[in-house]
Protein chains: 2
Amino acid sequence: MKRVTQSDVAAMAGVSTAVVSAVISPKPGKTIRVGEEAEKRVRAAMETLGYAPDVVAQSLAGGKRNIIGVFTYEAIFPSDSENFFYPFLLGIERGAMKLGQDLLLFTSSSLEKGPRSIFPGGANRMGVADGAILLGEEPDKRELKRLYDTGFPFVTIGRRDTVKAELNWVAADYAAAVADVVKRCAALGHRKLKFVGATKVREQNIDRERGFMGRQAEDLTLSVERCETDDINGEWLRRCLDDGYTVVLTETFKHAVALECQVAAMHGSVPQTISIVALASPLTRPADVERWTRISVPREEMGEVAVRNLIAQIRSPENTPIKTTLPCGFVPGSTLQAI
Amino acid sequence: MKRVTQSDVAAMAGVSTAVVSAVISPKPGKTIRVGEEAEKRVRAAMETLGYAPDVVAQSLAGGKRNIIGVFTYEAIFPSDSENFFYPFLLGIERGAMKLGQDLLLFTSSSLEKGPRSIFPGGANRMGVADGAILLGEEPDKRELKRLYDTGFPFVTIGRRDTVKAELNWVAADYAAAVADVVKRCAALGHRKLKFVGATKVREQNIDRERGFMGRQAEDLTLSVERCETDDINGEWLRRCLDDGYTVVLTETFKHAVALECQVAAMHGSVPQTISIVALASPLTRPADVERWTRISVPREEMGEVAVRNLIAQIRSPENTPIKTTLPCGFVPGSTLQAI
DNA sequence: CTGAAAGCGCTTACAG
DNA sequence: CTGAAAGCGCTTACAG
């Protein structure tokens, strides 16, 4: 079972291995060109010999290997919690299929517990891949900078602001999505809208808030508040209603649920007592989420585009970083009413 | 950003690259041994230089690369159907983590539609990995034989009977699980039990049937029938009851549901009219499946063991194939009653 | 248009 | 116990 190599093909076609190499991986600025006749012979030889290039050797020799890495800071396939990564993975797989790439999941670089780290060891392992897609929240953003400094191509899922490093990323357009929600609320007659968000402020939270405050207008009163879900108690709701807010935009589902609980506790109901719009997309789709008026995040598409952008960066490293924002959707539910 | 290589380390430690190689990958029957002093110097040099071996080069040179491939005939992350592979993947990831392996998903070898094939091209791509885990039903079993002939180590999830090839596999012990179900039914007073299975008979179906018929005894009447779910109609049920069967063991949930439908159609109910036990495990766990008396399949564990066995085969290729069966569980529901 | 040669970073007999 | 050398299968300047 000896492997058929390039030199076998070259011998059969009566050319040198360099010619075979040129045939199997045609490059624009190639220093070597092949005649039609020679190419025909090479292809015929490849056919009869059943030759296929050895990716490992191609890789070592500096060629492309058609493998893209997928790195996550937590387990990719969690059992206990919702599978946050699944929809992204789905899109990534589709993108990889379309572009003829294999996917390398970096599972080795993780301790059994605790967050993974790209370094040390990880970065070296990544070297097998042509580039990588980074998923999930990084516990330490300096790692991104450090990876960036190595020159290894990668794209993050989710916008990333980094000092002294222009990163490739694919993100959902939360700003536009939230602005759209505000517009819809206004069209339904709402004049006082409250935004309740998480206390942990990352890029996507900033984007949502920006989209919200960007709709500031004469006839609208917008206020932003960030708090834990525990802080949304009876008093909080009382104050909210007394202040005249008719709709609350919550950054997470947890906030939305906490709020609805309080409404129920005071024998009110949503959206009669107050309207609620969730500025997030749930991971699973149990029956209960359908009723919520909310935005949808194009997770699968983000994964697919991430692959596409990554390949583009690998092929043309001189490119400026690619930053893609994808539009979110508005999902009408029954928690927002006109007033 | 030049990569730190083995020779950098060797130079700093004042030894040859062979010694460094011996230090980073100690092998039992190594032709080269390293002195304590030298090893210490090498480790120190590796430390200060931040050296980590290049897996690609290791691979080309014939060393191990700590990458295991995962091949599926269909998309690994399906969007439309239930994710059949997820629980296995979860176990595989856990196993890979524990054993310091990365996971390479072969997504490139698939056309956009139609089943994937290991050949051609695929086998070459697999070469990057040390071995592979094969998931899902193969449309053409000859491919397994062919892959086996290449000498590439792999293990399948699910038992595989192949002519002239002893394969490594990890399977659920359906035979024992079904035998156990029969025993439980008998203990509850059932004397006439019917087994209804899928018409497509693969290894796991054979195992179930074997487990069933293996409990044949004087005081038990056991009968096996294979049919489409459509064939389970009113007449079928009538006959079943007339014949005196008091419990039906169904190979799939679909069969179980079809049967229950017919029971309902004749204004009966399960388990009053007849008991049902599903000899399968659902992929998702919606509220509705909980009530079924059924067996559970240790999918995660199967994935984890598959990794472990694969690594064992990679390390000792002279081993005989490893065939592991893992016990299933019995999940009491409310569709089986004593009579 | 094509060949001979070096080199990618490792591992592994083969000599000392 | 350790070094020099060949080789894994490719790609890529460098010469023709």
Side-chain angles (χ1 to χ4, degrees), chain A residues 1-42 45-46 49-67 123-128 130, chain B residues 1-42 45-46 49-67 123-128 130:
Chain A
M1 200 58 205
K2 230 202 120 292
R3 150 158 237 149
V4 179
T5 73
Q6 218 176 50
S7 32
D8 297 331
V9 176
M12 182 175 224
V15 297
S16 74
T17 61
V19 174
V20 180
S21 175
V23 170
I24 58 178
S25 30
K27 293 253 178 76
K30 206 65 174 220
T31 166
I32 169 172
R33 266 166 308 178
V34 184
E36 264 193 41
E37 279 308 307
E39 173 159 1
K40 208 169 287 178
R41 288 205 309 281
V42 169
M46 280 176 18
L49 258 29
Y51 169 79
D54 180 330
V55 274
V56 175
Q58 285 183 311
S59 171
L60 219 213
K64 46 91 191 73
R65 47 218 93 169
N66 293 328
I67 293 177
N124 294 286
R125 300 224 38 115
M126 284 204 185
V128 200
D130 296 320
Chain B
M1 201 56 205
K2 227 200 122 300
R3 152 157 234 151
V4 179
T5 73
Q6 219 176 49
S7 33
D8 296 332
V9 176
M12 182 174 223
V15 296
S16 74
T17 61
V19 173
V20 180
S21 176
V23 170
I24 58 179
S25 31
K27 292 250 179 79
K30 206 65 174 220
T31 166
I32 168 172
R33 266 165 309 178
V34 184
E36 264 193 37
E37 279 308 307
E39 172 157 1
K40 208 170 285 178
R41 285 205 311 280
V42 169
M46 280 175 22
L49 257 30
Y51 169 79
D54 180 328
V55 274
V56 175
Q58 285 183 312
S59 171
L60 219 213
K64 49 93 191 69
R65 47 219 96 169
N66 293 329
I67 294 178
N124 293 286
R125 300 224 37 116
M126 284 204 185
V128 200
D130 296 319

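Lettering of chains follows the sequences in order, A, B, ..., and the numbering in each one begins at 1. Not measured: the values here are computed from a predicted model. Only this structure's heavy atoms are used, side chains among them; waters, hydrogens and symmetry mates stay out.
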Comparing nearest nucleotides in DNA chain C, the 5'-proximal residue of the pair T17(B), E39(A) is E39(A)
Comparing Q6(B) with G14(A), nearest DNA chain C nucleotide closer to 5' gives the residue G14(A)
Atom-to-atom span, [atom1] of [X] to [atom2] of [N] - whole angstrom:
X       : N       : atom1 : atom2 : value
E36(A)  : dC1(C)  : CD    : P     : 9 Å
D130(A) : dC8(C)  : CG    : C1'   : 15 Å
L60(B)  : dG7(C)  : CG    : C1'   : 12 Å
R41(B)  : dC1(D)  : CZ    : C1'   : 12 Å
I24(A)  : dC10(D) : CD1   : P     : 6 Å
Y51(B)  : dG9(C)  : OH    : P     : 10 Å

| said: Within the 4.5 Å heavy-atom criterion, are Q6(B) and I24(B) side-chain neighbours or not? | reply: yes
[options]: which one has an atom nearest the side-chain heavy atoms of [X]?
X      : options                 : answer
A18(A) : dA4(C), dT2(D), dC10(D) : dA4(C)
V19(B) : dG9(D), dG3(C), dT2(D)  : dT2(D)
A38(A) : dC10(C), dT2(C), dG7(C) : dT2(C)
S16(B) : dG3(D), dG7(C), dT12(D) : dG3(D)

Shortest non-hydrogen pair, V4(A) vs Y51(A), comes out as O-CD1, 3.4 Å
Distance check, rounded to the nearest 0.5 Å: [X] atom [atom1] versus [Y] atom [atom2]?
X      : Y      : atom1 : atom2 : result
E39(A) : R41(A) : CD    : CZ    : 11.0 Å
S7(B)  : M12(B) : OG    : CE    : 13.5 Å
D8(A)  : T17(A) : CG    : OG1   : 11.5 Å

Just checking V20(A): base, sugar-phosphate only, or nothing, at a heavy-atom cut-off of under 4.0 Å?
-> nothing
Under a 3.5 Å limit on both distances, the Watson-Crick or wobble mate of dG16(D) is dC1(C)
### dT11(C) phosphate, OP1 or OP2, under 4.0 Å from Q58(B) side-chain N/O
yes
